[in-house]
Amino acid sequence: MGILEDWGWDARWAEAFGGDAAQGHFPARLIEEQRGLFQIISEQGVKSARTPGNMRHKAADRAGLPAVGDWVSAEAVPNEKVVLIRRILPRRTKLSRKAAGETMEEQVIAANLDTVLVMTALNADFNARRLERFLTVSRESGAEPVLILNKLDACAEPDPFLAEARQAAGDAAVVAVSAKTGAGLDALSAWIKPGRTVGLIGSSGVGKSTLVNRLAGNQDLKTAETRRSDERGRHTTTHRQLFILPGGGILLDTPGMREMQFWDAEQGLKKTFDDIEALAPSCRFKDCVHGSEPGCAVKAAIEAGALAAERLASWAKLKHESEHEASRREAPAATEKQKWKTIHKAARKRIKEKRK
Ligand SMILES: Nc1nc2c(ncn2[C@@H]2O[C@H](COP(=O)(O)OP(=O)(O)OP(=O)(O)O)[C@@H](O)[C@H]2O)c(=O)[nH]1
Ligand SMILES: [Mg+2]
Ligand SMILES: [Zn+2]
């Protein structure tokens, strides 16, 4: 196997790359991003890369720019060490969130992940509601989500956590591990395999870099102790990077994410709340929002103890947020439409008046 195959290259990527070689381009994978500076891996090894100015201008938004995990068509520049990224091959999966701040912009956290390991620690960090949010974003990406409960070694009573995690996870697998002692890590071989790309996400301090260090068999990545009071991490990892493991498999370490605002979440939500989705058709009203409507099957399930009330509350909150973001995304387009309507109307009026 060549270098590219180790990093996940296959016949489908070769097809997507197509005839770019005829233009002197070569295929590469973006393995690291640090403040707009990229590292790519190709048959020629690791090189720094940048996007040409016209790519930055042409990209309608940030999602049109390269992200870690992307396969790209690259070109060497004479007398320059840094190569140019000419084209992003169509992404198979895309893990996105709304960029921080007031702008309505999509931020691609990583591209072409096969699996997303949503990690939490079995301590004060554990929050089922936040896990539902992370799982929703992971499902929306097109990758398979897996819930990882870390720090099993330091947890006296994992069972209640496990029960809550299973409910939040729906059809996603739940795996309890200790990145420190190695307990439970064998189970991860179901996802971490040669040529497969697995991303780690979760809040700061849950042990993402510790896990990468352990699986990669080195201690290269910086890790740091969490605060005693609330187990919060110190945002030790500051950039996204892909690592290749000795036994094969590609692992992405990311900085701890406090915020995971939805970009597009509709499909992800349906899957994360498949228990509620399954009950909805039994509600009396087709458009039941499981609020105060009579004959609500979801409410009935809660009363019967078959569904946790927190699930419904969480679903309602996330659904509201998802719809709100969707309407904000569409708003600029609507304004544009309105603008043209006004222009056309004015033009028609002028024509009419000329005829008079
Ligand atoms: N007891 C115990 N401690 C762990 C385990 N995994 C990680 N830790 C500790 O948790 C702390 C945080 O680990 P990191 O790997 O830096 O966490 P991170 O998720 O990479 O954090 P950020 O880079 O800030 O996002 C370190 O002190 C680790 O030694 C575990 O399985 N058990
Ligand atoms: Mg880290
Ligand atoms: Zn209902």
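Just follow the structure's listing: the first ligand is 1, and inside any ligand the first atom is 1.
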Note to self: At under 4.0 Å between heavy atoms, is it the side chain or the backbone of Thr237 that contacts ligand 1, or both, or neither?
What the structure shows: both
Check: Should the proximity of Glu225 to ligand 1, defined as any heavy atom under 4.0 Å, be assigned to the side chain, the backbone, both, or neither?
Finding: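 The part of Glu225 near ligand 1 is both the backbone and the side chain.
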Out of all atoms in ligand 1, which are within 4.0 Å of some heavy atom of [X]? Include the element for each.
{"X": "Gly256", "answer": "25 (O)"}
{"X": "Thr223", "answer": "14 (P), 15 (O), 16 (O)"}
{"X": "His235", "answer": "24 (O)"}
{"X": "Val206", "answer": "17 (O), 19 (O)"}

[atom] [closest protein heavy-atom partner, distance rounded to 0.1 Å]:
{"atom": "atom 6 (N) of ligand 1", "result": "Asn150 ND2, 3.1 Å"}
{"atom": "atom 7 (C) of ligand 1", "result": "Thr210 OG1, 3.3 Å"}
{"atom": "atom 18 (P) of ligand 1", "result": "Lys208 N, 3.5 Å"}
{"atom": "atom 17 (O) of ligand 1", "result": "Gly207 N, 3.1 Å"}
{"atom": "atom 8 (N) of ligand 1", "result": "Lys151 CE, 3.7 Å"}
{"atom": "atom 1 (N) of ligand 1", "result": "Asp153 OD2, 2.9 Å"}
{"atom": "atom 11 (C) of ligand 1", "result": "Ala224 O, 3.1 Å"}
{"atom": "atom 21 (O) of ligand 1", "result": "Gly205 N, 2.9 Å"}

Check: Any cation-pi pair here, Arg87 with Phe17, using under 6.0 Å and within 45°?
Finding: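 Judged by the rule, Arg87 and Phe17 form no cation-pi pair.
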Item checked: Ring-face cation of Arg92 near Trp13 (centre distance under 6.0 Å, axis angle within 45°) -> yes
For residues [X] and [Y], report the shortest heavy-atom separation together with the two atoms involved.
{"X": "Lys208", "Y": "Gly202", "answer": "NZ-O, 3.2 Å"}
{"X": "Arg240", "Y": "Gln107", "answer": "NH2-NE2, 3.2 Å"}
{"X": "Gly248", "Y": "Ile192", "answer": "O-CG2, 4.3 Å"}

Any Lys/Arg nitrogen of [X] or [Y] sitting under 4.0 Å from an Asp/Glu carboxylate oxygen of the other?
{"X": "Lys222", "Y": "Asp253", "result": "no"}
{"X": "Glu321", "Y": "Lys98", "result": "no"}
{"X": "Glu325", "Y": "Arg329", "result": "no"}
{"X": "Glu132", "Y": "Arg129", "result": "yes"}

Margin query: Using the rule side chain to side chain contact (heavy atoms under 4.5 Å, CB included), only one of Leu152, Asn123, Leu122 pairs with Phe161; which is it?
Written below: Leu122
Considering distance alone, does some N or O of [X] sit under 3.5 Å from an N or O of ligand 1?
{"X": "Val177", "value": "no"}
{"X": "Thr254", "value": "no"}
{"X": "Arg234", "value": "no"}

Notebook entry, point to check: Does the salt bridge (Lys or Arg N to Asp or Glu O under 4.0 Å) test come out yes or no for Lys94 and Asp264, once each step is laid out?
Noted result: CA-CA 11 Å; Lys94 181 177 73 165; Asp264 201 348; over 6 Å; no
Check: Can you name the N, O or S atom of His290 that is closest to the Zn ion (ligand 3)?
Finding: ND1
Item checked: Candidates Arg227, Arg234, Arg228 - the one meeting salt bridge (charged side-chain N to carboxylate O under 4.0 Å, His left out) with Asp230 ->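 In the set Arg227, Arg234, Arg228, the residue that makes a salt bridge (charged side-chain N to carboxylate O under 4.0 Å, His left out) with Asp230 is Arg227.
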Notebook entry, point to check: Taking atom types as modelled and ignoring hydrogens, do the side chains of Asn213 and Thr223 form a donor-acceptor contact shorter than 3.5 angstrom?
Noted result: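 Looking only at side-chain atoms, Thr223 and Asn213 do not form any donor-acceptor pair under 3.5 Å.
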Item checked: Side chains of Gln39 and Ser48, donor plus acceptor under 3.5 Å ->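 Side-chain D/A pair, Gln39 to Ser48: present.
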Notebook entry, point to check: Are more than 12 heavy atoms from other residues, nucleotides or ligands located less than 6.0 Å from atom CD of Glu80?
Noted result: yes
Item checked: Pairs where residues 192-201 contributes a residue and the test side-chain hydrogen bond (donor to acceptor under 3.5 Å, both in side chains) is met, not counting sequence neighbours ->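 Residue pairs with at least one partner in residues 192-201: Arg29-Thr197.
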Next item on the list: Spell out the protein N/O/S atoms under 2.8 Å from the Mg ion (ligand 2) as residue plus atom name.
Entry: Ser209 OG, Thr237 OG1
Next item on the list: Could you pull out, from Ala183, Ala179, Cys155, Gly184, the option with a heavy atom nearest to atom 31 (O) of ligand 1?
Entry: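 Closest candidate by heavy-atom distance is Ala179.
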Item checked: Gly233 touching ligand 1 at heavy-atom level, < 4.0 angstrom ->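 No, Gly233 has no heavy atom closer than 4.0 Å to ligand 1.
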